[in-house]
K.L.:
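Questions regarding the structure given below will be posed in turn.
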Amino acid sequence: MSSQRTLIHGFILGAFCLGFGMLLVMTNGFTKDDIALRAIEDRQNSLAQVIPESIHDNNLATDTLTLKNDQGNEVVAYLAIKEGKVTGVAFETSSPGYSGAIKVMLGLDPEGKILGARVLAHKETPGLGDKIEVKKGDWILRFTGLSIGNPPLEKWKVKKDGGQFDQFAGATITPRAVVRAITEGMQFFAANKTKIMEFKSSQVKTTETEAGKAPAQEKTK
Amino acid sequence: MTTMAEYRTIAREGIWTNNGVLSMMLGLCPAMAMTNSATNGLGMGLATAFVMTGSAMLVSIFRTRFSQEVRIPVFVLIIATMVTVVDMCMNAWMHEMYKVLGLFIPLIVVNCLPFARIEMFASKKPILPSLADGFFVGVGFTLALTVIGAVREISGSGTLFADASLLLGSAFKFLEMRVLPPDTGILMMILPPGAFLATGLLLVGKRMIDERSSKAIPVSAAHCAP
């Protein structure tokens, strides 16, 4: 008797799970296209801030190249291409800040000069560390146009550590982490430069394949 | 049939007498974590209110269909479904606000306020009163969060309803104001300790008003654990 009751309860619960599961499937169906669209818009927005529109004629969000960094993690590089030539690259780089990783989107030109840098996500103290956001201050903008060599590598530090970048009053760890993330990003670019420069856009690739340059296909892997 | 007077009681209890945060002391986790600005408090409150209304209605519809033994899993299922629906809809159609609140929306599942109202009210009452109860307790929760957020935002960053147009649309730009000059706020108020301070002070305020306005009526006995 009691096992029969248990079975009934099981069926009731199962029926509810099935019903509400269906509701979720339906909602997912209604929203999934819009959610995917928003994700692409987000990525395009953050890419547009670090790669000027004038230097590319392709879709940054779709011409991507997956590389491995020193820690063995995968880094997705978004490539700016104009008339078949790589004119810039953007990728995410991160470094541990005061609380949690600070993620920076870094855009570089083929010489390794910074086209733009923006903090994508961070959990730094509001009012102290959040001046790294472009919304709260123009600190992050001063990196534009710099590269390793200008200033020299040993100057890529905050002033407190003997470098040339300002820290904030009450927050040194945060700007230090951003400077390190950007420096590491540029070194990562230097290490992968050949791979990045050899990249051929998917649209360009088809025409080149027709012209007999089949191996280009292999390099996107 | 529920009369107008009973609905008025439901509304008064939900918004003031039994206010989710300031009387029942439930749902304190989002009430503290999400209220570093009035806009965030409002957004979190509205999402919770929507989940509460929807789940109260669903539970009330199915209240005769499930037995006592499985009611808790069914409640969890219903609330979790509502939360997931809200999460997906916000991600798709209110994306700017989702970027701020997105991390906290799934936490509505473990907010004990919807759960408590369902167990105490919606699982025993017909659909319309349950809907009203879920709605008004949700409104009370929203008001409490907005007020806590406003207190913290004014004292912490000197603004009020900053970025409200992201949540409510550009028509509500007029809500955004600067109360104090920049860089004069007490930073601590928008950090976690400020949440405890603001909530505590508002609790004191509400108790004082209650005491003054109703010397005859004893203070509500609903002091549940959070």
Side-chain angles (χ1 to χ4, degrees), chain A residues 2-46 98-100 103 119-131 133 135-137 168-171, chain B residues 36-37 40 54-55 58-59 61-100 102-103 152-153 156-159 162-163 166 182-192 194:
Chain A
S2 96
S3 75
Q4 204 184 347
R5 281 186 58 110
T6 316
L7 203 63
I8 291 171
H9 295 321
F11 273 122
I12 294 173
L13 196 53
F16 272 102
C17 288
L18 191 68
F20 285 108
M22 304 257 271
L23 183 64
L24 285 184
V25 170
M26 273 161 56
T27 319
N28 185 37
F30 282 128
T31 55
K32 114 180 141 217
D33 294 343
D34 280 316
I35 290 176
L37 215 62
R38 294 295 107 78
I40 294 173
E41 278 171 17
D42 274 357
R43 202 183 306 153
Q44 279 171 340
N45 284 345
S46 56
Y98 186 66
S99 56
K103 284 189 188 163
V119 173
L120 292 180
H122 72 87
K123 295 195 206 70
E124 302 306 295
T125 319
L128 293 176
D130 62 356
K131 296 190 189 77
E133 282 175 41
K135 259 201 301 191
K136 307 263 166 74
F168 309 133
Chain B
N36 49 11
S37 77
N40 282 0
S55 47
L58 285 174
V59 167
I61 290 174
F62 294 113
R63 72 185 185 284
T64 52
R65 300 270 180 275
F66 49 80
S67 45
Q68 283 298 302
E69 286 86 344
V70 292
R71 72 180 197 287
I72 304 277
V74 171
F75 294 164
V76 174
L77 187 70
I78 289 176
I79 297 175
T81 307
M82 285 307 296
V83 169
T84 315
V85 168
V86 169
D87 186 78
M88 288 197 252
C89 292
M90 272 187 86
N91 192 353
W93 299 307
M94 294 166 77
H95 195 69
E96 287 305 313
M97 205 58 210
Y98 183 79
K99 280 194 257 181
V100 182
L103 205 58
R152 291 178 66 190
E153 194 182 343
S157 26
T159 56
D163 294 333
L166 289 187
D183 293 323
T184 50
I186 311 157
L187 180 62
M188 190 183 67
M189 288 306 284
I190 48 172
L191 299 180

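Predicted model only: the values in this text are computed from it and were never measured. Computed over heavy atoms, backbone and side chain alike; hydrogens, waters and symmetry mates excluded. Proteins come first, then strands; the chains are lettered A, B, ... in the order of their sequence lines, and each starts at number 1.
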K.L.:
About how many Å separate CZ of F16(A) and CD1 of I78(B), when rounded to the nearest 0.5 Å?
P.N.:
6.0 Å
K.L.:
Does either side chain, that of H95(B) or that of D42(A), offer a donor lying less than 3.5 Å from an acceptor on the other one?
P.N.:
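Looking only at side-chain atoms, D42(A) and H95(B) do form a donor-acceptor pair, the distance falling under 3.5 Å.
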K.L.:
Under the 3.5 angstrom rule, does the side chain of R38(A) hit a backbone N or O of A92(B) as a donor-acceptor pair?
P.N.:
yes
K.L.:
Measuring from atom CG of L13(A) to atom CG of L77(B), what distance do you get when rounded to the nearest 0.5 angstrom?
P.N.:
7.0 Å
K.L.:
Select, from L58(B), T84(B), I190(B), V74(B), the one with the greatest count of heavy-atom pairs under 4.5 Å involving chain A.
P.N.:
V74(B)
K.L.:
Could you tell me whether Y98(A) atom OH has more than 12 heavy atoms of other residues or ligands within 6.0 Å of it?
P.N.:
no
K.L.:
What's the separation between atom CZ in R65(B) and atom CD1 in I12(A), rounded to the nearest 0.5 Å?
P.N.:
10.5 Å
K.L.:
Return the CG to OG1 distance between N91(B) and T31(A), rounded to the nearest 0.5 Å.
P.N.:
7.5 Å
K.L.:
Any side-chain heavy-atom pair from L24(A) and M88(B) closer than 4.5 angstrom?
P.N.:
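A side-chain contact under 4.5 Å exists here.
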K.L.:
Has K99(B) got more than 12 heavy atoms of other residues, nucleotides or ligands less than 6.0 Å from its NZ?
P.N.:
yes
K.L.:
Out of curiosity, L23(A) CG to M82(B) CE, how far, rounded to the nearest 0.5 Å?
P.N.:
8.0 Å
